[in-house]
Amino acid sequence: MSGNDELIDVFLQPGDLFVGDEGFRMRTILGSCVSITLWHPVKRVGGMSHFLLPTRGTPVSEDDLDGRYGDEALHLIMRELRQAGISPLACQAKIFGGGNMFPAHMKAGAGLVGQRNGEAARQMLRSAGIQIVSESLFGSGHRQIIFDIRNGHVWSRQVKPSALEAAAEEKLQ
């Protein structure tokens, strides 16, 4: 960053990812989707994803990777970090999201998308040998996420469904 202390805010939509230096702050809103942040504490470079599903389930070429899928999003972030001279193994990981957006519609034994996303994120990072330093996963409602690359801090605010939303959801049944 130059003498300017203004941060550039980047808002991630579902399927987006971004890698940047300490001049950036990333934001997103997650329901059942999951964000993985990777941050290098010395070089102050980090990346964040916003994925919808753990995997596409079919192999694709390096040119066809898509950030909507967790395994591909992680691969893309790691590739961008390497291109910036950062070893992903030297980064700290944090995981967020995987909320149940419709708790009143939960069926016994049904696997939740958010639960699968969060568990997949944990497994992908462990398999890659990247240290997970914190997580905020699961529960009901959505999360607002802010990742400040200057210091590696990630703020997560979980917003539970209101009584009004729950009542409206029950009327739909």
Side-chain angles (χ1 to χ4, degrees), residues 10-22 24-101 106 109-149 151-156 158:
V10 175
F11 187 84
L12 299 182
Q13 298 287 345
D16 287 348
L17 56 97
F18 184 81
V19 173
D21 65 17
E22 62 186 337
F24 293 91
R25 177 175 47 214
M26 292 175 262
R27 301 172 182 266
T28 199
I29 297 175
L30 303 166
S32 60
C33 294
V34 165
S35 279
I36 293 174
T37 66
L38 296 179
W39 182 67
H40 192 283
V42 175
K43 296 190 178 180
R44 296 177 192 242
V45 171
M48 184 165 108
S49 66
H50 180 152
F51 69 85
L52 291 83
L53 295 169
T55 185
R56 161 185 337 218
T58 57
V60 295
S61 74
E62 185 80 17
D63 294 333
D64 292 327
L65 294 174
D66 188 329
R68 293 178 294 177
Y69 305 100
D71 56 347
E72 296 176 33
L74 181 59
H75 183 82
L76 289 166
I77 287 176
M78 289 175 24
R79 181 172 71 189
E80 286 192 38
L81 286 167
R82 282 188 206 100
Q83 289 171 349
I86 306 290
S87 167
L89 297 177
C91 291
Q92 299 173 354
K94 297 180 182 179
I95 313 170
F96 303 91
N100 181 358
M101 296 303 296
M106 230 169 94
L112 299 171
V113 172
Q115 185 81 25
R116 289 193 308 266
N117 282 340
E119 290 170 359
R122 285 177 179 152
Q123 182 56 42
M124 287 183 287
L125 289 164
R126 285 186 193 122
S127 293
I130 299 171
Q131 177 189 17
I132 301 169
V133 296
S134 71
E135 63 180 47
S136 176
L137 292 168
F138 313 129
S140 297
H142 71 275
R143 284 177 176 80
Q144 298 169 341
I145 307 294
I146 301 171
F147 174 28
D148 187 342
I149 298 176
N151 54 29
H153 294 168
V154 181
W155 292 272
S156 173
Q158 189 166 3

Taken to the nearest 0.5 Å, the spacing of Leu12 CG from Arg27 CZ works out to 11.5 Å
Show the nearest heavy-atom pair for residues Leu52 and Pro14, with the distance to one decimal.
CD1-CB, 3.6 Å
Quick one: does Leu74's side chain get under 4.5 Å of Phe51's, heavy atoms only?
no
Taken in chain and number order and not counting sequence neighbours, the residues that satisfy ring-ring contact (aromatic ring centres under 6.0 Å, His included) with Phe18 are Phe24
Keeping the roles fixed (side chain from Ser35, backbone from Ser49), state whether a donor-acceptor pair exists under 3.5 Å.
yes
Closest non-hydrogen atom pair, Lys43 against Gly85:
NZ-O, 3.4 Å
Note: Pro54 and Ala120 closest approach over all heavy atoms is CB-CB, 3.5 Å
Set of residues satisfying side chain to side chain contact (heavy atoms under 4.5 Å, CB included) with respect to Glu119, sequence neighbours excluded
Gln115, Arg122, Phe138
Mind checking whether Asp21 and Ile149 have side chains closer than 4.5 Å, heavy atoms only?
no
Contact check, side chains of Leu30 and Val34, non-hydrogen atoms, under 4.5 Å:
no
Distance col, row Asp16:CG vs His50:NE2, nearest 0.5 angstrom, shows 8.5 Å
Which atom of Ile145 lies closest to which atom of Ser156, heavy atoms considered:
CD1-OG, 3.6 Å
Of all heavy-atom pairs linking His75 and Leu65, the shortest is CD2-CD1, 3.0 Å
Nearest-0.5 Å distance that lies between atom CG in Asn100 and atom OG in Ser140:
5.0 Å
Excluding sequence neighbours, so at least two apart, what forms side chain to side chain contact (heavy atoms under 4.5 Å, CB included) with Glu80?
Leu17, Val19, Gln83
The reported gap from SG in Cys91 to CD in Gln131 (rounded to nearest 0.5 angstrom) is 11.0 Å
Is there a side-chain contact between Phe11 and Ile29 in this structure, where contact means two heavy atoms from C-beta onward sitting under 4.5 Å apart?
yes
Give, for atom OG1 of Thr37 and atom CD of Glu135, the distance between the pair rounded to the nearest 0.5 Å.
11.5 Å
Donor-acceptor check, side chain of Arg143 to backbone of Ser136, threshold 3.5 angstrom: yes or no?
yes
From Met78, Gln92, Lys94, residue fulfilling side chain to side chain contact (heavy atoms under 4.5 Å, CB included) relative to Leu38:
Met78
What heavy-atom pair brings Ala121 and Ile95 nearest, and what distance separates the two atoms?
CB-CG2, 3.7 Å
Interatomic distance, CG@Leu112 vs CG@Asn117, rounded to 0.5 Å, equals 10.5 Å
Should the heavy atoms of other residues, nucleotides or ligands under 6.0 Å from CZ of Arg68 be counted, would the total exceed 12?
no
